[in-house]
Amino acid sequence: MKAGHHRLKPALLILILNLCFYASYQLTEPQICKLCSGTVLNGTVVDQFCSASAGRIDGRCCLRNDNTSDPEHIIGLDLSNCSLTHVGDLKEASTALMMYVKDLSHNSIVNISESVFQGFIELNYMILPADIGCPGGNASWEKDEVKEGNRLCEGQKNTCNQTGQLSINCPENSLCGPYGPGFFQCSCAGNYHGYKCLREGEFPNLLVFGPLGASTVVISVLLWVTQRRKVKSL
C-alpha cells in the first residue's frame with residue numbers, strides 16, 4: 001500500500017474546500033476537454049460508456065449532469081493518441097472527482113506520478129500504454145492486464161479496510177476513507193476534531209470565528225467613517 005494522504009478537517013473547512021473545488025472545476029473543465037484536438041471517437045471505451053450513462057460528448061470529455069441545479073461533471077476522458085509524454089499537464093483534472101473512465105493509450109508516456117491520481121475516488125477504468133503500470137500498483141485494482149498493446153486497470157479497490165471502522169493507518173478517533181488508487185485520507189469520527197482528532201465535542205465555531213467577524217465589522221465601520229469624513233472635507 002502507498003503512504004496515506006492524511007487530512008483532518010472540521011466541517012467548516014470541508015465546506016470551504018468544496019467551494020474552492022466548485023470554482024476550480026468551473027475553470028479547468030473546458031481546458032481539459034480541449035487539451036487535445038478532435039473529439040471522442042465513435043466506438044471507443046469512453047464513447048460506449050458515455051452512451052450507456054446518458055452523457056454528453058464535449059471535445060475529449062463525456063459530461064453528465066446528475067442534478068439540474070448542479071453543473072455538469074466529467075465522467076469520462078479520452079486523451080488517447082494525443083502525443084503526451086507525461087501526465088503532469090493533467091494534474092488539474094484531479095478536480096473532476098466524478099470521473100469513472102480515462103483513456104491515455106497510444107501516447108509516448110515515459111512515467112506517471114501516482115500523486116496525479118489523488119482524489120480520483122470514482123475512477124474505475126483506465127487504459128494506459130502497456131509499459132506503464134496501474135497507479136497504486138496491481139494491489140489497487142481488481143484487474144491489471146495487458147491487452148491489445150494497452151494496459152487495462154479495472155475496478156479500483158478501497159485502500160481502507162472493508163468495515164469502514166477505525167483504521168490502523170489513521171490516528172485514534174478517526175476514520176479511513178479512499179482517496180484514489182493506493183491512497184487514503186483520514187477524517188475525524190463523531191464529535192472529535194482538531195489535530196489528530198484529539199479534541200472531543202463540537203467544533204467551537206463561535207469562539208474561533210466570532211472575534212474574527214467582530215473585528216471585521218469594526219474595521220469596516222472605521223473605514224467607512226474615515227472615508228466619509230474625507231469626502232465631506234473635499
Requested in this report: Identify the heavy atoms of Phe117 and Pro181 that sit nearest to each other, and give their distance.
Outcome: O-CD, 3.6 Å
Query raised in the report: Does Asn107 reach the main-chain N or O of Leu104 with its side chain, forming a donor-acceptor pair under 3.5 Å?
Result: yes
Query raised in the report: Going from CD1 on Ile121 to CG on Asn124, what distance comes out if it is rounded to the nearest 0.5 angstrom?
Result: 12.0 Å
Query raised in the report: Are side-chain heavy atoms of Cys50 and Ile57 found at a separation under 4.5 Å?
Result: yes
Requested in this report: Quick one: do Asp58 and Lys34 satisfy salt bridge (Lys or Arg N to Asp or Glu O under 4.0 Å)? Show the steps, please.
Outcome: CA-CA 8 Å; Asp58 180 10; Lys34 307 300 182 182; 3.2 Å; yes
Query raised in the report: Between Asp103 and Leu79, is there a donor-acceptor pair closer than 3.5 Å when you use the side chain of the first and the backbone of the second?
Result: no
Requested in this report: Flag this pair as yes if the NZ/CZ of Lys143 is under 6.0 angstrom from the six-membered ring centre of Tyr125 and inside a 45 degree cone about the axis; otherwise no.
Outcome: no
Query raised in the report: Salt bridge between Arg151 and Asp131, side-chain N to carboxylate O under 4.0 Å?
Result: no
Requested in this report: With rounding to the nearest 0.5 Å, note down the distance linking CG in Asn150 to NE2 in His106.
Outcome: 4.5 Å
Query - Interatomic distance, Cys61 atom SG to His73 atom NE2 [nearest 0.5 angstrom] - result: 12.0 Å
Query raised in the report: With no hydrogens and no angle check, is any side-chain donor or acceptor of Thr44 less than 3.5 Å from a backbone partner on Leu41?
Result: yes
Query raised in the report: Does a side-chain heavy-atom distance below 4.5 Å link Met126 with Phe120?
Result: no
Requested in this report: Please check if the side chain of Gln156 supplies one atom and the backbone of Leu123 the other of a donor-acceptor pair under 3.5 Å.
Outcome: yes
Query raised in the report: Does Leu128 reach the side chain of Ile112, with side-chain heavy atoms less than 4.5 Å apart?
Result: yes
Query raised in the report: Is it true that Cys186 and Cys170 have SG atoms closer together than 2.5 Å?
Result: yes
Query raised in the report: Within a strict 4.5 Å, meaning less than it, do heavy atoms of the Ser140 and Phe183 side chains meet?
Result: no
Query - Contact summary for Cys197 and Asn173, nearest pair of heavy atoms - result: O-ND2, 3.5 Å
Query - Donor-acceptor pair, side chain of Ser174 and main chain of Cys188, under 3.5 angstrom - result: no
Query - Side-chain touch Pro178/Phe184, heavy atoms, less than 4.5 angstrom - result: no
Query raised in the report: For the side chain of Glu122 and the backbone of Gly180, is there at least one donor-acceptor N/O pair under 3.5 Å apart?
Result: no
Query raised in the report: Do you know the tightest heavy-atom contact between Val46 and Leu77?
Result: CG2-O, 3.8 Å
**Report entry** Separation of Arg56 CZ from Ser51 OG (nearest 0.5 Å)
**Finding:** 13.5 Å
Query raised in the report: Are the side chain of Arg60 and the backbone of Asp78 linked by a donor-acceptor contact shorter than 3.5 Å?
Result: yes
Query raised in the report: Are any of the side-chain heavy atoms of Val101 and Ile75 separated by less than 4.5 Å?
Result: no
Report task. Indicate yes or no: at least one non-hydrogen side-chain atom of Ser80 is less than 4.5 angstrom from one of Ser105. Result -> yes
Query raised in the report: If you round to the nearest 0.5 Å, how far is CG of Leu152 from NZ of Lys147?
Result: 7.0 Å
